[in-house]
Amino acid sequence: MEDLTAIAAEAAREGLDEGEEITRRKKVAEGWRGLGVSPYGGKFLKDTEAQEVTDRFEQLEGKHVSLAGRIMTIRSHGKASFADLRDQSGKIQLYFKQDILGDAEYGKFLMVDLGDIVGARGKVFRTRRGEISVQVEQLTMLTKALRPLPDKWHGLKDVDARYRQRYVDMIANPDVRKTFLVRSAIVAGIRRFMEARGFVEVETPSMHTIAGGAAAKPFITHHNALDMDLYLRIATELHLKRLLVGGMEKVYEMGRIFRNEGISTKHNPEFTSIEAYQAYADYYDMMELTESLVADAAKNAVGSTKVSYQGQEIDLTPPWPRRTMAQLVRELLGEDIAAMSDEQARKAAARLGLEVDKDATMGMCLNAAYDELVEPKLIQPTIVMDYPIEVSPLAKKREEDPRFTYRFEAVCVGRELANAFSELNDPIDQRQRFESQVDERQKGDEEAHMMDDDFVTALEYGMPPAGGLGIGIDRLVMLLTDSASIRDVILFPTMRPKA
RNA sequence: GCGCCACUAGCUCAGAUGGUAGAGCAACUGACUCUUAAUCAGUGGGUCCGGGGUUCGAGUCCCCGGUGGCGUACCA
């Protein structure tokens with residue numbers, strides 16, 4: 001013990017940040033080398049998963065199996081001991097008995113620390129207490145863990161550590177792994193769903209010369225050889241629509257989007273979206289696509305279209321109620337803003353306690369009223385149709401009332417789940433919309449669109465009428481895994497470096 | 001960006017009013033050949049987030065800074 005303390009003290013002097021425990025484990029690793037065994041072994045032939053031993057006990061009882069995984073707990077009784085081995089499938093109890101292993105092999109077991117990764121070969125049996133176990137005959141050291149595991153009972157709770165060291169979080173908190181497995185199942189299911197519907201998955205650039213397709217502040221990076229700034233994409237929309245021009249009729253992209261904005265329980269600077277475009281379709285087709293995709297994802301995640309989110313029961317079974325924004329504002333807030341002039345609308349907004357610009361239009365006031373006061377109340381999935389044109393620069397305007405567009409958002413638990421429209425394919429209209437966005441930008445709105453001449457040029461070649469859809473995958477996964485924070489569904493969320 | 005809160009052993013947490021820093025788990029030593037949060041006896045382990053200040057004396061009070069959480073703003 002004294003020499004360990006001395007070694008730790010020496011390590012500290014040398015600037016190595018390690019405690020006595022790490023020093024001790026390093027010495028144990030050297031001990032393995034002394035036995036002629038590398039503490040960082042190579043290939044190990046495992047033929048059985050931990051969970052399989054329990055699931056297939058009837059067939060496996062008395063047979064030999066080879067398992068590999070991490071030692072999570074050890075219960076030592078002198079000349080016999082138990083340990084729990086965990087692999088990706090689950091957990092199995094190992095039984096080590098000196099009589100069976102022999103002194104040398106049992107001595108090896110005594111050198112195993114919690115957290116070590118080992119291979120074990122032995123016979124499947126059931127203990128007197130009834131627990132299905134493996135009586136180990138051969139133990140193989142595969143990886144020495146130098147750092148101790150978090151508390152076996154309480155796990156790792158420090159949220160800072162959980163996000164920074166997700167690997168430790170996953171070791172200590174098995175539910176975390178489960179959440180990310182569900183996420184993977186959802187993503188894989190969406191790809192199957194889209195393929196079954198005839199959509200082709202494509203990859204468009206992540207680095208854009210113009211950041212378009214959404215209202216958001218971009219990250220800026222620099223290309224040295226071309227000596228020019230590039231933006232990380234804030235959406236995939238404008239490139240996917242170029243592909244419609246090129247003749248692809250059903251395309252989608254699922255990938256990472258970057259927005260240089262605040263971080264919160266619902267926002268991470270990089271996140272995953274899916275955008276899909278279907279030629280010759282309109283936003284009604286997108287409503288059906290959205291409902292079906294989400295319902296299918298729910299079945300993949302929880303086996304049902306009814307899910308529980310933060311104590312609320314949410315029924316995602318299609319079809320979802322379809323209401324226009326104007327209707328919802330009128331019914332829930334008692335102001336028929338859509339029937340008002342701009343000036344009347346500004347007064348109505350004031351009555352509702354909203355602050356709007358002096359020259360705000362009816363559409364802006366309606367959108368503000370909806371965003372602030374209606375959307376948070378929409379708990380069950382709802383399709384909110386017909387967004388004002390001012391806030392929808394890429395959506396086709398309505399024939400009978402050009403103040404509105406063929407755009408909807410699907411809303412659930414007070415949050416946007418999907419955003420879709422009948423795509424604007426009139427190049428002249430699109431150029432005007434960009435121009436008014438550029439005006440907004442010059443007035444100081446950093447999130448207004450930039451002019452994208454090449455995109456307008458593409459439309460001039462002719463983009464077929466189309467429906468388009470965007471869904472935030474992270475928020476969908478939050479809903480389907482009952483996660484309160486987006487950081488709980490992103491493996492490595494963005495964090496400031498620790499000082 | 002602003003406000004509130006948190007930061008103490010490897011992990012989970014206690015530490016009224018300022019007075020020699022504690023527990024459980026983990027680790028170490030010993031006992032124990034069917035335990036499962038194994039049990040029993042003993043031992044070691046601390047930059048109390050960092051830096052200033054007040055005080056005879058600061059984990060505790062004050063100021064500055066760091067990181068995080070929550071709320072809020074921003075986020076079609």
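Quick note: numbers below take in every heavy atom, side chains included, and nothing from hydrogens, waters or symmetry partners. What you see is a predicted model; the values in this text were computed from it and never measured. Chain identifiers are assigned alphabetically (A, B, ...) following the order of the sequence lines, protein sequences preceding nucleic acid strands; residue numbering begins at 1 within each chain.
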Tell me what [X] touches on the nucleic acid: a base, only sugar-phosphate, or nothing, going by heavy atoms under 4.0 Å.
X: A/G363; answer: nothing
X: A/P393; answer: base
X: A/R164; answer: sugar-phosphate
X: A/L114; answer: sugar-phosphate

If you measure from the [atom1] atom in [N] to the same atom in [M], how many Å do you get, rounded?
N: B/C7; M: B/C61; atom1: P; answer: 11 Å
N: B/G44; M: B/G50; atom1: C1'; answer: 28 Å
N: B/U60; M: B/U55; atom1: C1'; answer: 13 Å
N: B/G10; M: B/G45; atom1: P; answer: 13 Å
N: B/G57; M: B/G46; atom1: P; answer: 25 Å
N: B/G52; M: B/G59; atom1: P; answer: 14 Å
N: B/C5; M: B/C62; atom1: P; answer: 11 Å
N: B/G22; M: B/A14; atom1: C1'; answer: 7 Å

#### Entry: Residue-phosphate contact under 4.0 Å: A/R24 side-chain N/O, B/C28 OP1/OP2
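A/R24 to B/C28 OP1/OP2: side-chain N or O found under 4.0 Å.
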
### Task
Output yes when at least one side-chain N/O atom of A/R259 is less than 4.0 Å from OP1 or OP2 of B/C74, else no.
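The answer is no; no side-chain N or O of A/R259 sits under 4.0 Å from OP1 or OP2.
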
### Task
Can you tell me which stems RNA chain B forms, taking runs of 3 or more consecutive Watson-Crick or G-U pairs with both distances under 3.5 Å?
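Correct response: B:1-7 with B:66-72, B:10-13 with B:22-25, B:27-31 with B:39-43, B:49-53 with B:61-65.
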
When the distance from [atom1] of [X] to [atom2] of [N] is rounded to whole Å, what number comes out?
X: A/E20; N: B/A9; atom1: CD; atom2: C1'; answer: 11 Å
X: A/I71; N: B/A27; atom1: CD1; atom2: P; answer: 12 Å
X: A/Y163; N: B/G68; atom1: OH; atom2: P; answer: 12 Å
X: A/D113; N: B/C25; atom1: CG; atom2: C1'; answer: 15 Å
X: A/K217; N: B/G1; atom1: NZ; atom2: P; answer: 12 Å
X: A/E355; N: B/U72; atom1: CD; atom2: P; answer: 17 Å
X: A/E447; N: B/A76; atom1: CD; atom2: C1'; answer: 9 Å
X: A/D357; N: B/C74; atom1: CG; atom2: P; answer: 12 Å

### Query
So does A/Y231 have more than 12 non-hydrogen atoms from other groups sitting under 6.0 Å from OH?
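No, OH of A/Y231 has 12 or fewer neighbouring heavy atoms, counting only those of other groups under 6.0 Å.
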
### Task
Evaluate whether atom CD of A/Q51 has more than 12 neighbouring non-hydrogen atoms of other residues, nucleotides or ligands under 6.0 angstrom away.
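It does: A/Q51 CD has more than 12 such atoms within range.
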
Please confirm whether the backbone N or O of [Y] pairs with a side-chain atom of [X], one donor and one acceptor, at under 3.5 Å?
X: A/R433; Y: A/S392; result: yes
X: A/T204; Y: A/T236; result: no
X: A/R398; Y: A/D386; result: no

### Query
With A/M385, which of A/F408, A/Y406, A/F421 fulfils side-chain contact (heavy atoms from CB on, under 4.5 Å)?
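That would be A/F408; it is the only one of A/F408, A/Y406, A/F421 passing the side-chain contact (heavy atoms from CB on, under 4.5 Å) with A/M385.
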
In terms of side-chain heavy atoms of [X], which of [options] is nearest?
X: A/E237; options: B/A76, B/U12, B/C70; answer: B/A76
X: A/P148; options: B/U67, B/A76, B/G10; answer: B/G10
X: A/T265; options: B/G68, B/C11, B/C70; answer: B/C70

[Y] and [X] aromatic ring geometry - parallel, tilted or perpendicular at 30°/60° bounds:
X: A/H208; Y: A/H239; result: tilted
X: A/H449; Y: A/F434; result: tilted
X: A/F82; Y: A/H77; result: perpendicular

### nucleotides 31-41 of chain B: protein proximity per nucleotide (B base, S sugar-phosphate only, - neither; heavy atom, under 4.0 Å)
-BBBBBBB---

### Query
Would you say A/E355 and A/E372 make side-chain contact, with heavy atoms under 4.5 Å?
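When only atoms from C-beta onward are counted, A/E372 and A/E355 do not touch, as no gap falls below 4.5 Å.
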
### Message
Out of the candidates A/R162, A/R164, A/K157, only one should pair with A/D160 under the salt bridge (charged side-chain N to carboxylate O under 4.0 Å, His left out) rule; please name it.
### Response
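Going through A/R162, A/R164, A/K157 one by one, the salt bridge (charged side-chain N to carboxylate O under 4.0 Å, His left out) with A/D160 is satisfied by A/R164 alone.
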
#### Entry: First encountered from the 5' end of RNA chain B, between A/R487 and A/D445
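That would be A/R487.
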
### Message
I'd like to know if A/N419 reaches the base of B/A76 with its side chain such that a donor and an acceptor end up less than 3.5 angstrom apart.
### Response
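Such a pair is found, so the answer is yes.
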
